[in-house]
Amino acid sequence: PEFQARFDARIDADGKIEPQDWMPEAYRKTLVRQISQHAHSEIVGMLPEGNWISRAPSLKRKAILIAKVQDEGGHGLYLYSAAETLGVGRDQLLADLHSGKAKYSSIFNYPTLNWADVGTIGWLVDGAAIMNQIPLCRCSYGPYARAMIRVCKEESFHQRQGYEALLVMMQGTAEQRAMVQDSVNRFWWKCLAMFGPPDANSPHSEQAMRWGIKRISNDDLRQKFIDATVPQANVLGVTLPDPKLKWNEERQHYDHGEIDWDEFWATVNGNGPCNHERLATRVKAHNDGQWVRDAALAHAQKHQPQPTKEAA
Amino acid sequence: PEFQARFDARIDADGKIEPQDWMPEAYRKTLVRQISQHAHSEIVGMLPEGNWISRAPSLKRKAILIAKVQDEGGHGLYLYSAAETLGVGRDQLLADLHSGKAKYSSIFNYPTLNWADVGTIGWLVDGAAIMNQIPLCRCSYGPYARAMIRVCKEESFHQRQGYEALLVMMQGTAEQRAMVQDSVNRFWWKCLAMFGPPDANSPHSEQAMRWGIKRISNDDLRQKFIDATVPQANVLGVTLPDPKLKWNEERQHYDHGEIDWDEFWATVNGNGPCNHERLATRVKAHNDGQWVRDAALAHAQKHQPQPTKEAA
Amino acid sequence: MAAYFQDYLLHLADNAVILGQRNAQWCGHGPVIEEDLALANNSLDLIGQARLLYQHVATVRKDGKTSEDLLAYFRDVPDFKNYTLLELPHSTALTPTSSGDRDYAVTIGRNFLYSALMVLVWDALKSSADAQLAAIASKSLKETQYHLRHARDWLVRLGDGTDESHARMQAAINHLMPYTQEFFTPSVMETAVVKTGMGVDNRTLQADWNTLVDEALVQATLKRPAAGGFVTTGKTGIHSEHLGFVLAEMQSLARAHPEAVW
Amino acid sequence: MAAYFQDYLLHLADNAVILGQRNAQWCGHGPVIEEDLALANNSLDLIGQARLLYQHVATVRKDGKTSEDLLAYFRDVPDFKNYTLLELPHSTALTPTSSGDRDYAVTIGRNFLYSALMVLVWDALKSSADAQLAAIASKSLKETQYHLRHARDWLVRLGDGTDESHARMQAAINHLMPYTQEFFTPSVMETAVVKTGMGVDNRTLQADWNTLVDEALVQATLKRPAAGGFVTTGKTGIHSEHLGFVLAEMQSLARAHPEAVW
């Protein structure tokens, strides 16, 4: 109770909770769930973009794409580290991913079907992710907040890069422009769904708000994303696939059409186009790599420094 | 001795030896070696051409190529059958191939590096093979002779198809013509070597001639091939890569340069560019297919017709 | 309307060419030589069907430039209208490459599920209002009956073979079955050609297909999995990530030499 | 003479781009995430080296149309001058596909053998008579030293790890070693650039390379196999069957849209 009071006071004062601090079990669990889900998303998120590395149409774009996918892996690594500060090891986190117990962002269960998808993922998917993540830079849990500051910085860079790649394509051939439009058509609605269900149906939100883990509601973030993105789409010259998308002078926001939540939940619950495939790919990589990890461990054990006499 | 006399008489009269006939053990062994080597060549020979099926540049050429490779597999099958009439099972023959004990034609240890190679293999490799094989249609061992009649007929068809494909390419773009020339440059000398070492150094030939298994010498066949091929090359418009190639009015044959027999023997002895790869591919196919063959056997045993009462 | 019919022909042709491309990957690598030949033969039939269908598109289009090879080699992923099922690798582990490790159970399972559909489709299309399609259907039906027999025999052999082959065959069927939902989920293009009597409504064939599948699975001692989850959309041009790799390889030489005649 | 120097630059560039393409195949599929990143980094360095070298060719050529992407994306197999070693799949079983099953021991073994050569080559090329090549060499040397350290560490770890990893690492080295003969078998192009002081004679580096290799193999408890047999000829443009598949995939998108700017 004394601990709880100190914890509440810290939260109320917008202070940071650090690994060595006492924290309620539910707070810890919520954080582990959220941080690991976020880490898994980075790792699984390497696959749809990685799918195009071998076919990148210029060496410059190939280098940019490899660097980007590498950054995502890096984000995964420091998010796993942040989760580890809460007392759960990476092996356990990966086991939960591979068993299907832990989730990752559903957006990565859609396939990348043309090269423009690489740009669109930067512009729209990373854009939506940043909207979601910027508030987390002020999250009450210190290691997570600090990881997110770094992640957001790099993601902003990726977003600009993705948008720039699409700009170049839109100034190119008719086929290139068609690729961009096709890509935006496939990704737009999935990106809106990334902000999660409408506030009215969002079960975890209230407690997470109280704990300073979540700071802005799903619908507010979604609106913010739409308002920021529509002008960018206009500059780009693509049509966002929503006939109801229209500036509302009164609200000073864009109105938009209805998201297909059935499709969203189907994908979240395992029935998207690539759910099986993404997970199977990660599991296969992990299993195929077992002998390598075993070897590294065996080698390290053989060659660890002998304990000195003083230590013995 | 009585059997031997009857066998010799049959051979001398250019008659056929059939599976149920008595034959000298050395004759049987020579035939098993030669027929199985020939069968293995057909099966391994599927690989260099099969390498281009997925990339054939038109649907018509793709269909022609698949049909051709399929024919080669068919030749392999009936040559294995011919070998089986001599009392050796296919399992044993394949085991000898996979262990490296049995040989196959060295020509298939060279890679197919451009699409024209598919045509060149038809024109030159199959052309050389036919030269070697036509005399075998009169071979003293009946089942082998009959198999060769069928093989030669189909091979002649393949040879014309290959030549026709090259003719079309030579009427095409500069790049296509360059492909054909490059291909002929790589294959010409290897094809000349297919007729085997010069008569002076050919150990098996004499006995095989005596037995009516071999009927024309290596050098004679080689000369025949060159004489037939040079005019075809002229029509095609390619340069055969031998500066010494010249019509000899006196001999009424083409003179030609010296074959690199060191390179030939290196490849025969396992050190050609694709020896490891070809064999490894066959072994992998065989090993990967073990469970399928096991299943077929298990199924057949479960479902074989029960012996009837009369039979019991 | 004419555009829908062309799309329908392309759908049938793309099915054939993509599965033909996949099945030919076994050539030289099969479990026994007889199967190398059987799959080469299957591939040859499918490519033959694709050629007739593409040629028919060219005839219908009458633009003086469409040809079977233009359609096979110079269209991109979203232009292809094959079922997603047919572009998948021969493996339950869907690693995104055009080849890689091959599992014969997946090959057999796919050929069985697809040819069981196509014997019914071709049989129905013998009465297509389009005479040329009806003629192609007649020819294709005979070939497909043979493909079905071949795949069915092996399905039974592998299902009712060893423990390992049973497990592999069951895993393959479990993996593949969800993709068959696409067979019976109508698309705009199909609805249009059914109306004109040129195409067939696959839903009218579903009961017969179920019977073919169920009987074979029973004989193979296999369980029929529920075919739920995501319904693929390859026939509308939205594919899996695999088709891009198949086409990259298949079209590489033709595209490198767009001016060439072969 | 100038043509030989261009060929030499292309040889160095093609080495980098092809190995970069191969190593990037691990991205998302590595044994631990750290290795996904390490190989992505290696690939990134190699592609960076290739770009500088291709750009240098373009500068030397001064024809107003050569560019790094023209060289990487619009040349055919016989135009590529990389060592055959670098185009092989990541597997001791050489099935002719651009991807397929990957064996980390092969990846590590190849990176080790190649970067052990290239630290020596780049170090020597710092004194190239061509100032630009000397500058590229300086930059590349630092990167390659890192690649060598990474590959060497894993070579030792896998060689001196478990029984399985030892066997795999030994098999990989046995498989790869014959291909290193190409490093030290001079070609016309190399002989020419050595004469002008622009290139290096690899035979002068062979003793140092042997020392690097032998010391690492000893530490890894591995046996050095005899490197006999066929001497590959990739640097003269005569490759294995694998490069065609690598290029088909790598160049597919660029070639499908020859007019496009990306």
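For residues 113-124 of chain A, the interface with chain D (any heavy-atom pair closer than 4.5 Å) comprises A/W115, sorted by residue number. Of all residues in residues 72-108 of chain A, those placing a non-hydrogen atom less than 4.5 angstrom from a non-hydrogen atom of chain D are A/G73, A/G74, A/L77, A/Y80, A/R90. Heavy-atom proximity under 4.5 angstrom to chain D picks out A/V168, A/M169 from residues 149-170 of chain A.
Chain D forms more heavy-atom pairs under 4.5 Å with one residue of A/Q176, A/H286, A/Q290, A/R282 than with any other, namely A/Q176. Ranked by heavy-atom pairs shorter than 4.5 Å toward chain A, the options D/Q251, D/E259, D/R168 are led by D/R168. For the set A/A285, A/G289, A/A298, A/A295, the count of heavy-atom pairs under 4.5 angstrom toward chain D peaks at A/A295. The candidate with the highest count of non-hydrogen atom pairs below 4.5 Å against chain D, out of A/G50, A/A63, A/A300, is A/A63.
Take A/H38 and apply the ring pair (Phe, Tyr, Trp, His ring centres under 6.0 Å) test, not counting sequence neighbours, and it matches no residue.
Heavy atoms of D/Y73 lying under 4.5 Å from chain A belong exclusively to its side chain. Contact annotation for D/A72: only side-chain heavy atoms (C-beta onward) come within less than 4.5 Å of a heavy atom of chain A. Using a 4.5 Å cut-off between heavy atoms, A/D288 does not touch chain D at all. Neither the backbone nor the side chain of D/W26 comes within less than 4.5 Å of any heavy atom in chain A. Contact annotation for A/R61: only side-chain heavy atoms (C-beta onward) come within less than 4.5 Å of a heavy atom of chain D. For chain A, the nearby parts of D/N41 are the backbone and the side chain; heavy atoms of each come within less than 4.5 Å. Looking at D/A256, there are no atoms closer than 4.5 Å to chain A (heavy atoms on both sides), in backbone or side chain.
If you take OG on A/S58 and CG on D/L253, they are separated by 9.5 Å, rounding to the nearest 0.5 Å. Here the straight-line distance linking atom CD1 of A/I64 with atom CD1 of D/I47 works out to 12.0 Å at 0.5 Å rounding. Note that CH2 of A/W291 is 5.0 Å distant from CG of D/D103, once rounded to the nearest 0.5 Å.
Remark: side-chain polar atoms of A/R293 are paired, donor with acceptor, to backbone N or O of D/P31 under 3.5 angstrom. Under the 3.5 Å distance criterion, the side-chain polar atoms of A/Q70 are matched with a main-chain donor or acceptor of D/L37.
Minimum interatomic distance between D/G28 and A/L47 (heavy atoms only, all atoms of both residues): O-CD2, 3.7 Å. In terms of heavy atoms, A/I66 sits closest to D/A40 at CG2-O, 3.5 Å. Taking each heavy atom of A/L59 and D/D69 in turn, the nearest pair found is N-OD1, 2.9 Å.
With salt bridges taken as basic N to acidic carboxylate O contacts below 4.0 Å, one links D/D160 and A/K302.
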### Task
Begin with the C-alpha distance, continue with both residues' side-chain angles, and end with the deciding distance and a verdict on side-chain contact (heavy atoms from CB on, under 4.5 Å) for A/H299 and D/V156.
CA-CA 8 Å; A/H299 181 80; D/V156 170; 3.5 Å; yes
### Evaluation steps, side-chain contact (heavy atoms from CB on, under 4.5 Å), between D/Q21 and A/K62
CA-CA 10 Å; D/Q21 182 78 356; A/K62 191 190 288 281; 2.6 Å; yes
### Task
Would you sort out whether A/V292 and D/L158 count as a side-chain contact (heavy atoms from CB on, under 4.5 Å), showing the intermediate values?
CA-CA 7 Å; A/V292 177; D/L158 297 179; 4.2 Å; yes
### Message
Determine whether A/K60 and D/R51 satisfy the following criterion, side-chain contact (heavy atoms from CB on, under 4.5 Å), listing intermediate values before the conclusion.
### Response
CA-CA 8 Å; A/K60 182 182 133 191; D/R51 293 183 66 191; 3.4 Å; yes
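Counting heavy atoms from C-beta on, the side chains of D/H257 and A/P57 never come closer than 4.5 Å.
D/E249 and A/S54 share a donor-acceptor pair across their side chains, judged by distance under 3.5 Å alone.
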